[in-house]
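The block underneath contains the structure these notes are about, expressed in structure tokens.
Below, chain A is the first sequence line, B the second, and so on; all start at residue 1. Source: prediction; values computed, not measured.
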Amino acid sequence: MTARKRYWLMKSEPDTFSIDDLERVGVEPWNGVRNYQARNFMRDGMQVGDGVLFYHSNCAVPGIAGLAKVNSRAYPDPTQFDKKSDYYDPKSTPEEPRWMLVDVAFDRKLKRIIALDEIKQHAAALGEGFALTSRGSRLSVMPVTAAQWKYLLSLE
DNA sequence: GCCAACGTTGGC
DNA sequence: GCCAACGTTGGC
């Protein structure tokens with residue numbers, strides 16, 4: 001039995017990894033998440049086939065740039081064991097890995113970027129609990145309800 | 001590049 | 001287990 005499809009928003013800095021990069025490679029291990037809450041969403045919440053809003057952060061026009069899909073169950077992020085990686089975590093061991101990731105697969109680019117600016121204007125419709133529009137939130141992986149998903153894509 | 005907001009670390 | 005110091009995120 002499969003559980004109902006869930007929805008997520010995942011942030012990426014386009015200078016590092018953009019929706020175009022994802023389109024090029026097809027599938028990408030979402031490495032480098034070093035926040036427990038974000039990890040827990042990937043580890044405990046994500047299922048293969050879930051929908052992902054691919055969000056561009058820390059750039060000229062932050063916003064939702066495309067759609068992706070969760071393409072694997074969570075597994076240990078290999079970069080945590082790699083001493084040469086920026087994401088190396090000396091406190092993590094292969095026996096007890098601290099950081100998990102999922103593979104993310106390209107779905108499609110949006111016809112246009114749905115800018116954060118614009119999303120903020122719909123904050124009321126999206127609800128108080130939405131981490132993207134709640135002040136000061138830096139969460140890089142967050143759940144999106146089916147209603148929020150539908151609403152956001154209706155802006156496209 | 002600035003800096004507010006937030007999460008984590010570590011001394012006590 | 002408190003909390004100050006520090007590091008990071010990410011919009012602007």
Side-chain angles (χ1 to χ4, degrees), chain A residues 6-25 28-46 50-70 74-145 148-149 151-156:
Chain A
R6 295 174 188 169
Y7 300 96
W8 308 93
L9 182 145
M10 298 174 91
K11 294 181 184 174
S12 183
E13 301 193 14
D15 287 351
T16 307
F17 191 80
S18 69
I19 189 72
D20 294 311
D21 293 320
L22 185 62
E23 180 170 28
R24 200 170 305 121
V25 299
E28 177 76 2
W30 204 261
N31 58 37
V33 171
R34 295 295 179 266
N35 169 283
Y36 289 104
Q37 215 183 337
R39 177 204 65 184
N40 293 347
F41 286 134
M42 289 197 287
R43 187 188 62 188
D44 308 329
M46 286 192 183
D50 283 357
V52 174
L53 298 170
F54 193 107
Y55 179 91
H56 282 174
S57 68
N58 203 15
C59 55
V61 185
I64 299 164
L67 302 184
K69 285 186 172 176
V70 175
Y75 62 95
D77 180 345
T79 64
Q80 70 195 304
F81 309 125
D82 178 3
K83 284 189 173 142
K84 283 171 288 186
S85 169
D86 285 346
Y87 303 127
Y88 176 63
D89 183 349
K91 290 178 183 164
S92 186
T93 66
E95 293 71 33
E96 275 189 74
R98 178 178 293 199
W99 305 111
M100 307 289 278
L101 55 70
V102 297
D103 291 341
V104 169
F106 179 78
D107 182 355
R108 68 176 177 89
K109 289 175 72 170
L110 296 193
K111 296 182 208 106
R112 63 182 190 91
I113 302 256
I114 301 173
L116 177 61
D117 224 20
E118 186 179 349
I119 294 169
K120 279 181 175 167
Q121 294 168 25
H122 299 274
L126 290 163
E128 306 241 327
F130 193 42
L132 195 66
T133 44
S134 71
R135 193 168 139 275
S137 171
R138 297 175 308 168
L139 201 55
S140 66
V141 176
M142 68 188 74
V144 175
T145 66
Q148 288 164 342
W149 174 276
Y151 188 93
L152 287 165
L153 288 183
S154 77
L155 301 175
E156 183 180 4

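- Of the N and O atoms on the side chains of A:S18 and A:D21, at least one donor lies less than 3.5 Å from an acceptor on the other residue.
- For the pair A:D15 CG and C:dT9 C1', the interatomic distance rounds to 15 Å; values are reported in whole Å.
- The CD1 atom of A:I119 sits 14 Å away from the P atom of C:dG10 (whole-angstrom rounding).
- Neither OP1 nor OP2 of B:dG7 sits under 4.0 Å from any side-chain N or O of A:R138.
- Sorted by first and then second residue, the side-chain hydrogen bond (donor to acceptor under 3.5 Å, both in side chains) pairs involving residues 109-127 of chain A (not counting sequence neighbours) are A:D20-A:K109, A:R112-A:E118, A:H122-A:Y151.
- Between A:L67 and A:I19, every side-chain heavy-atom pair lies at or beyond the 4.5 Å cut-off.
- Applying the 4.0 Å criterion to OP1 and OP2 of C:dG10, one finds that A:K11 has a side-chain N or O inside that range.
- Side-chain proximity of A:Y55 to the nucleotides B:dT8, B:dT9, C:dG11 is greatest for C:dG11.
- One interatomic measurement links the two molecules: OH of A:Y87 to P of C:dG7, which rounds to 19 Å at whole-angstrom precision.
- Residue A:Q37 contributes atom CD, which lies 7 Å from atom P of B:dG7 at whole-angstrom precision.
- Aromatic ring pairs are classed by plane angle as parallel below 30°, tilted from 30° to 60° and perpendicular above 60°; the pair A:F17 and A:F54 is tilted.
- Closest to the side chain of A:K120, out of C:dC12, C:dG7, B:dT8, is C:dC12.
- As a whole-Å value, the separation of A:L132 CG from B:dA5 P is 17 Å.
- In this model, no side-chain donor or acceptor of A:R34 finds a partner on the base of C:dT8 within 3.5 Å.
- Nucleotide C:dG10 holds its P atom 11 Å from the CG atom of A:L9, rounded to whole Å.
- For the pair A:G136 and A:R98, both in contact range of DNA chain B, the more 5′-proximal nearest nucleotide belongs to A:G136.
- The side chain of A:P62 lies closest to C:dG11 when the candidates are C:dG11, B:dA5, B:dT9.
- The aromatic rings of A:F41 and A:W8 sit tilted, their planes meeting at an angle between 30° and 60°.
- Here C:dC12 presents its C1' atom at 10 Å from CG of A:N58, a figure rounded to the nearest Å.
- Contact check, A:K91 against B:dG10: a side-chain N or O comes under 4.0 Å of OP1 or OP2.
- When rounded to the nearest whole Å, the span between CG of A:L116 and C1' of C:dG10 equals 10 Å.
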